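Because the structure is predicted, anything quoted here is derived from the model rather than measured.
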Amino acid sequence: MTKKVDDFRLKLGKQELVPIMIGGMGVDISTAELALEAARLGGVGHVSDAMLPTVSDRRYDTDFVKDKLLQYKANIDNSDKSSVKFDLDQIAESTRLHVSRTMERKQGAGMIFINIMEKLTMNSPRDTLRVRMHAALSAGIDGITLAAGLHLGSFALMEDHPRFRDAKLGIIVSSLRALQLFLRKNLKTGRLPDYVVVEGPLAGGHLGFGMDWAQYDLRTIVNEVHAFLRAEKLDIPVIPAGGIFTGSDAVSFLQEGAAAVQVATRFTVSKECGLPPEVQQEYFKAGESDIEVNGTSPTGYPMRMLKNSPSIGSGIRPGCESYGYLLDASGRCDYIDAYNREVAAHPGEKKIAVYDKTCLCTHMRNFKCWTCGQYTYRLKDTSRKLPDGSYQLLSAEHIFRDYQFSTDNRIALPD
């Protein structure tokens with residue numbers, strides 16, 4: 001009998017879930033509504049903590065961005081952004097608002113986690129990370145997935161929170177070595193991660209690989225992690241991610257011992273996704289040659305996106321006084337350097353182009369940086385083309401159920 005995803009269960013403590021986890025896509029691309037659907041259907045959904053003060057202004061009528069801009073407006077023409085600090089209370093409040101409002105609406109047997117990225121350094125890496133994690137725990141999140149970084153000190157930053165041993169805590173890694181480093185550095189907290197997401201080279205957005213990403217293979221890395229955990233007698237659920245496009249893809253990992261799969265690309269064209277409808281149509285239309293991995297992210301990580309992303313080549317002025325989520329501990333961001341270089345090279349020009357880096361904060365906030373998974377070009381095969389040439393958006397439930405019950409690599413089209 002052919003197996004389907006629903007024949008397996010993800011065990012997290014005493015809870016058993018449908019082994020489907022929707023990844024945390026920022027900025028508010030993995031919306032509360034998308035996470036709530038995953039939980040209602042018995043799986044795991046993520047909200048993202050990327051730029052939550054900005055998301056809070058949009059969703060909950062706060063003024064965090066305006067307040068920050070007013071405070072630092074005099075610094076706009078200054079290349080030194082070291083003085084542009086976030087108000088820690090506002091960071092905590094934006095996280096509390098988003099998490100608590102989401103959790104209040106939760107129904108079903110599933111869980112809702114928050115994806116917290118270490119690379120959101122926010123001009124004070126340690127303090128802002130600690131505040132974000134503590135606020136999420138205090139607001140009642142079911143779990144935290146540590147992403148975009150090694151998180152060598154993150155457990156220690158949460159250790160004094162009353163929910164540190166109660167909430168589910170996991171880490172995203174792209175290699176066995178990254179997992180080993182994490183476990184070694186967090187050993188003194190006496191707490192293992194509740195799950196490990198192994199993200200392979202076909203994932204969307206930032207990658208945990210160099211520009212040689214194509215030389216790596218998700219299944220190989222997952223098998224290495226499984227072998228290590230068995231040798232160390234560590235019972236930690238392993239969740240593969242990146243390029244798992246069908247229920248049959250998922251089953252192949254589950255049969256080899258994976259506890260669940262993390263998926264995201266197919267949900268970018270769901271009605272519950274935060275991408276504007278016109279951008280979702282760009283994802284549908286994309287061909288395989290329209291997808292690239294480039295080095296435009298100021299974080300230093302390679303990033304997969306659509307080649308026609310408006311962010312590529314944009315010479316917009318750095319928006320650090322309003323945003324500044326990628327400023328390092330010294331108030332630096334690689335985009336500021338690239339922008340200033342082009343301004344100096346083109347004196348008097350009103351509009352410049354910057355191709356090697358992008359102002360990720362501004363463009364992600366405005367849905368102009370179209371990050372995507374490698375199999376985005378297959379999205380057109382999951383929907384129906386409408387008379388006007390556009391594609392039908394799907395419900396998150398339809399996509400989730402297709403993963404859960406499909407067999408033989410089939411994809412169910414919408415009614």
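By the 6.0 Å contact criterion, CD on Q107 is open, its count of non-hydrogen atoms from other residues, nucleotides or ligands being 12 or less.
No option in Q262, K168, H46 other than H46 meets the side-chain hydrogen bond (donor to acceptor under 3.5 Å, both in side chains) test with T145. Paired with T102 under the rule side-chain contact (heavy atoms from CB on, under 4.5 Å), one option of T31, I141, I112 passes, and it is I112.
For the residue pair S311 and S309, no side-chain donor N or O sits within less than 3.5 Å of a side-chain acceptor on the partner. Q180 and R177 form no side-chain donor-acceptor contact under 3.5 Å, judged by distance and modelled atom types alone. Side-chain contact of Y325 with T54: a donor-acceptor pair under 3.5 Å is present, judged by distance alone.
Ionic pairing of D217 and R219 is not present here: no N-O contact between side-chain nitrogen and carboxylate oxygen is shorter than 4.0 angstrom. Residues D381 and R378 are not paired through a salt bridge, judged by the lack of any N-O separation under 4.0 Å between the basic side chain and the carboxylate. Under a 4.0 Å N-O distance rule, the pair R266/D402 qualifies as a salt bridge. With respect to the salt-bridge test (charged N to carboxylate O, under 4.0 angstrom), the residues K307 and D290 do not qualify. Residues E33 and K271 are not paired through a salt bridge, judged by the lack of any N-O separation under 4.0 Å between the basic side chain and the carboxylate. At a threshold of 4.0 Å, the pair D160-R130 counts as salt-bridged, since one of the basic side-chain nitrogens sits closer than that to a carboxylate oxygen. The pair R191-D194 counts as a salt bridge, with a side-chain nitrogen and a carboxylate oxygen less than 4.0 angstrom apart. A salt bridge between R9 and D6 is present, with a side-chain N of the basic residue lying under 4.0 Å from a carboxylate O of the acidic one.
Although no hydrogens or angles enter the test, the distance criterion places a donor-acceptor pair under 3.5 Å between the side chain of S252 and the main chain of D249. No donor-acceptor pair under 3.5 Å is formed between the side chain of N366 and the backbone N or O of H363. A donor-acceptor pair under 3.5 Å links the side-chain atoms of E118 to the main chain of H151, judged by distance alone. Counting only distance, with no hydrogens or angles, the side chain of T62 and the backbone of S56 share a donor-acceptor pair below 3.5 Å. Without hydrogens or angle criteria, R163 side chain to L137 main chain gives a donor-acceptor distance under 3.5 Å. Panel note: side chain T121, backbone L327; a donor-acceptor pair is recorded below 3.5 Å. Between the T382 side chain and the L379 main chain, a donor and an acceptor come within less than 3.5 Å of each other. The backbone N or O of C372 sits nowhere less than 3.5 Å from a side-chain atom of T376 that would complete a donor-acceptor pair. A side-chain donor-acceptor contact under 3.5 Å links K357 to the backbone of G295. E397 contributes no side-chain N or O that, together with a main-chain N or O of E37, makes up a donor-acceptor pair within less than 3.5 Å.
Taking NZ from K81 and SG from C333, the interatomic distance works out to 10.5 Å, rounded to the nearest 0.5 Å. From L229, atom CG reaches atom CG of D235 across 9.0 Å, with rounding to the nearest 0.5 Å. To the nearest 0.5 Å, atom CG of residue L157 and atom CZ of residue R126 are 4.5 Å apart. Atom CD1 of I144 and atom CE of M133 lie 6.5 Å apart (nearest 0.5 Å). One finds the OG atom of S154 at 8.5 Å from the CD1 atom of I116 (value rounded to the nearest 0.5 Å). Here T128 contributes atom OG1 and K85 contributes atom NZ; the two are 9.5 Å apart, rounded to the nearest 0.5 Å.
When all heavy atoms are compared, the tightest approach of K106 to A39 is CG-CB, 4.3 Å. Between L17 and V44 the shortest heavy-atom distance is CD2-CG2, 4.2 Å. Nearest heavy atom pair, residue Y355 against residue A353, reads CE1-CB, 3.6 Å. Across all their heavy atoms, F182 and L150 have their closest contact at CD1-O, 3.6 Å. The two residues K380 and A286 come nearest to each other via the heavy atoms NZ-O, 2.5 Å. G200 approaches F209 most closely through the heavy-atom pair C-CE1, 3.4 Å.
Relative to the ring axis of W370, R304 does not place its NZ or CZ within 45° and under 6.0 Å from the centre.
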After noting the C-alpha distance and the side-chain angles of N409 and T246, does the key distance pass the side chain to side chain donor-acceptor pair (under 3.5 Å) rule?
CA-CA 6 Å; N409 281 302; T246 68; 3.2 Å; yes

Exercise for review: Would you sort out whether R332 and D337 count as a salt bridge (charged side-chain N to carboxylate O under 4.0 Å, His left out), showing the intermediate values?
Suggested key: CA-CA 8 Å; R332 287 193 64 260; D337 298 337; 2.2 Å; yes

### Query
Run the side-chain contact (heavy atoms from CB on, under 4.5 Å) check on T296 and M303 step by step: do they pass?
CA-CA 7 Å; T296 62; M303 189 162 57; 3.9 Å; yes

### Task
Check the pair S395, H398 against side chain to side chain donor-acceptor pair (under 3.5 Å), reporting the backbone distance first and the verdict last.
CA-CA 5 Å; S395 72; H398 170 85; 5.5 Å; no

Step-by-step side-chain contact (heavy atoms from CB on, under 4.5 Å) determination, D57 to K66: CA-CA 9 Å; D57 286 356; K66 186 170 81 173; 5.8 Å; no

Exercise for the section: Just do the salt bridge (charged side-chain N to carboxylate O under 4.0 Å, His left out) check on R132 and D127 with the steps written out, would you? Expected result: CA-CA 9 Å; R132 286 148 55 205; D127 291 340; over 6 Å; no

task: Give the intermediate values and the outcome of side chain to side chain donor-acceptor pair (under 3.5 Å) for residues T407 and R410.
output: CA-CA 6 Å; T407 57; R410 287 194 297 266; 3.1 Å; yes

Inset, instruction - Start with the C-alpha gap between V18 and F400, add the side-chain angles, then the distance that decides, and say whether side-chain contact (heavy atoms from CB on, under 4.5 Å) holds. - result: CA-CA 10 Å; V18 177; F400 189 98; 3.9 Å; yes

Practice problem: Output, in order, the C-alpha distance, side-chain angles, deciding distance and verdict of side chain to side chain donor-acceptor pair (under 3.5 Å) for S48 and S30. | Solution: CA-CA 6 Å; S48 170; S30 283; over 6 Å; no

### Message
Please evaluate residues V269 and Y391 with respect to the criterion side-chain contact (heavy atoms from CB on, under 4.5 Å), reporting the C-alpha separation (whole Å), side-chain torsions for both, the decisive distance (0.1 Å), and the verdict.
### Response
CA-CA 9 Å; V269 290; Y391 288 85; over 6 Å; no

Walk me through it: do F113 and Y195 pass the test ring-ring contact (aromatic ring centres under 6.0 Å, His included)?
CA-CA 12 Å; F113 295 170; Y195 57 96; 5.4 Å; yes

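Relative orientation of the Y339 and Y335 rings is tilted, given thresholds of 30° and 60° on the angle between their planes. Classification of the F267-Y403 ring pair by plane angle, with boundaries at 30° and 60°, yields parallel.
Looking at heavy atoms from C-beta onward, I352 lies in side-chain contact with V354 at the 4.5 angstrom threshold. Put simply, the side chain of M51 reaches to within 4.5 Å of the side chain of C361, judged on heavy atoms.
Aromatic ring centres of F155 and F164: separated by under 6.0 Å. Residues F86 and F64 keep their aromatic ring centres 6.0 Å or farther apart.
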